[in-house]
Amino acid sequence: MMYSSRRKPVLYFKEERRLLSGKCTVYKLFGLCMVLVLVSLLWLQLSCSGDMSSSVTQQHRRDPQLPPPPPPCPADSQASVADDPTWGPHKLALLVPFRERFEELLVFVPFMHKFLNKKKIRHKILIINQMDHYRFNRASLINVGYMESGNDTDYLAMHDVDLLPLNEALDYGFPEEGPFHVASPELHPLYHYKTYVGGILLLTKKHYHMCNGMSNRFWGWGREDDEFYRRLRKAELQLFRPSGITTGYKTFLHIHDPAWRKRDQKRVASQKQEQFKVDPDGGLTNLRYQVESRQELTISGAPCTIINTKLECDQIQTPWCLLS
């Protein structure tokens, strides 16, 4: 019998004393052992589902629209499927730039793994974790993800960790004709301007290389995707967006809590002058980083790879990388 993680088993000690009373027999000892084994297994199950999912449960309480947290104990064998050759020749590298957003990660990885499995998309989830003391650099982390994604993948998704697709009609397939902006302005819950290409963007590795990746000049939050829009135009790549999606701004669930985690939106004077410029030379060609370690994790039956990364900053070119 299964219980929710909020309920604890009740042991009826009165019944146990009755079992031990009177003459001790082999049958009574055997029955007592069976009871202790069942109680131990039940306690182990509750501990697994309670301790590991407490942070996810708190996130769910803050946002009732959030899908219920999946069970963190090993799920059925189908949950681990991520690379079934019968699903087609293409394989997606799901790149997630990341720093210290563990509650969101615990929800994101199982959710996206199940979502892509249901659509029969071969994939692997790469969490590029920034470990250095510089400001967060989403674009550079995506560049790192591209470089570290391996030869077994042929296209990538630049995917925010706080954006979950709720409409199963959304296409995550191979974008052969050109970059495909899944989180288009008419569907994204927050950003609705026409040149927006952030949130979730699919590209073949060939097309990403044609753009020389993303600019490494954007330390702090924002503007890197606006500059990448200009790179797509310069590379003469046709941008595609979803059609026939009728769920509007409810197509995605945005699980970021701005009251809990503030965004780094500070701009020093020199950075303000640079933020709307196009970086003509920077990208994959001047990316500097070190991979400290790689960790293979399983979250609620969903596999992912954590790439612990330290970026390097040219403080002459971008002194705002050190802004606290």
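Sequence positions, counted from 1, serve as the residue numbers for this chain.
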Are any side-chain N or O atoms of [X] and backbone N or O atoms of [Y], one a donor and one an acceptor, separated by less than 3.5 Å?
X: Arg241; Y: Val182; result: no
X: Thr318; Y: Gln315; result: no
X: Asn143; Y: Gly213; result: no
X: His254; Y: Pro189; result: no
X: Thr204; Y: His207; result: yes
X: Ser215; Y: Arg217; result: yes
X: Asp225; Y: Tyr196; result: no
X: Asn308; Y: Glu292; result: no
X: Asp84; Y: Thr86; result: yes
X: Lys91; Y: Asn151; result: no

Nearest-0.5 Å distance that lies between atom [atom1] in [X] and atom [atom2] in [Y]:
X: Leu311; Y: Tyr134; atom1: CG; atom2: OH; result: 9.0 Å
X: Leu126; Y: Ile142; atom1: CG; atom2: CD1; result: 12.0 Å
X: Tyr208; Y: Ser149; atom1: OH; atom2: OG; result: 10.0 Å
X: Asn129; Y: Gln295; atom1: CG; atom2: CD; result: 8.5 Å
X: Asn137; Y: Cys313; atom1: CG; atom2: SG; result: 8.5 Å
X: Ile128; Y: Ile306; atom1: CD1; atom2: CD1; result: 9.0 Å

Do [X] and [Y] have side chains that approach each other closer than 4.5 Å (heavy atoms only, starting at C-beta)?
X: Gln238; Y: Leu232; result: no
X: His123; Y: His113; result: yes
X: Leu237; Y: Cys211; result: yes
X: Thr309; Y: Gln290; result: no
X: Val197; Y: Leu239; result: yes
X: Glu104; Y: Phe98; result: no
X: Ile125; Y: Thr305; result: no
X: Met112; Y: Pro165; result: yes

Pair Phe252, Leu164 - check side chain to side chain contact (heavy atoms under 4.5 Å, CB included), show working. CA-CA 5 Å; Phe252 301 94; Leu164 305 179; over 6 Å; no
Does a side-chain N-to-carboxylate-O contact under 4.0 Å join [X] and [Y]?
X: Lys119; Y: Glu168; value: no
X: Glu227; Y: Arg231; value: yes
X: Asp132; Y: Arg99; value: yes
X: Asp160; Y: Arg138; value: yes

Verify whether the ring centers belonging to Phe136 and Trp221 lie closer than 6.0 Å. no
I'd like to know whether the aromatic ring centres of Phe108 and His159 sit less than 6.0 Å apart in this structure. yes
Test item: side-chain donor near acceptor, Asn286 and Asn216, under 3.5 Å: yes
Just checking, any donor-acceptor pair under 3.5 angstrom between side chains of Thr153 and Lys205? yes
Locate the shortest heavy-atom distance separating [X] from [Y]; write the atom from each residue and the value.
X: Tyr155; Y: Pro175; answer: CD1-CD, 3.4 Å
X: Val109; Y: Pro303; answer: CG1-O, 4.3 Å
X: Gly220; Y: Arg135; answer: CA-NH2, 3.7 Å
X: Pro242; Y: Leu170; answer: CG-CD2, 4.4 Å
X: Ala183; Y: Leu163; answer: CB-CD2, 3.9 Å
X: Leu287; Y: Met147; answer: CD2-CG, 4.1 Å

Between Tyr289 and Gln130, does the side chain to side chain donor-acceptor pair (under 3.5 Å) criterion hold? Intermediate values first, please. CA-CA 10 Å; Tyr289 70 98; Gln130 184 175 341; over 6 Å; no
Applying salt bridge (charged side-chain N to carboxylate O under 4.0 Å, His left out) to Asp152 and Lys124, what does each step give before you reach the verdict? CA-CA 10 Å; Asp152 59 331; Lys124 62 181 180 181; 2.9 Å; yes
Fit a plane to each ring of Tyr172 and Phe115, take the angle between them on a 0 to 90° scale, and name the class: parallel (under 30°), tilted (30 to 60°) or perpendicular (over 60°). perpendicular
Measure the acute angle between the ring planes of Phe174 and His90, then classify it against the limits of 30° and 60° as parallel, tilted or perpendicular. parallel
Side chain to side chain contact (heavy atoms under 4.5 Å, CB included) between Ile127 and Ile307: does it pass, once the steps are laid out? CA-CA 6 Å; Ile127 312 299; Ile307 304 177; over 6 Å; no
Would you please name every residue forming a ring-ring contact (aromatic ring centres under 6.0 Å, His included) with His192, sequence neighbours left out? Tyr249
Out of Thr247, Thr251, Thr246, which residue meets the side-chain hydrogen bond (donor to acceptor under 3.5 Å, both in side chains) rule with Asn167? Thr247
The test is side chain to side chain contact (heavy atoms under 4.5 Å, CB included); show your working for Tyr193 and Asp226 and say whether it passes. CA-CA 11 Å; Tyr193 58 95; Asp226 296 329; 2.7 Å; yes
Quick one: do Met131 and Val144 end up in the same hydrophobic cluster if we chain Ile, Leu, Val, Met, Phe, Trp and Tyr together by side-chain heavy atoms under 4.5 Å apart? no
I'd like to know if Phe240 and Ile200 are part of one continuous hydrophobic network [Ile/Leu/Val/Met/Phe/Trp/Tyr, side-chain heavy atoms within less than 4.5 Å]. yes
Side chain to side chain contact (heavy atoms under 4.5 Å, CB included) between Leu106 and Ile299, worked out: CA-CA 7 Å; Leu106 291 175; Ile299 304 176; 3.9 Å; yes
Does CD belonging to Glu177 count more than 12 external heavy atoms closer than 6.0 Å? no
Excluding sequence neighbours, so at least two apart, what forms side chain to side chain donor-acceptor pair (under 3.5 Å) with Tyr229? none
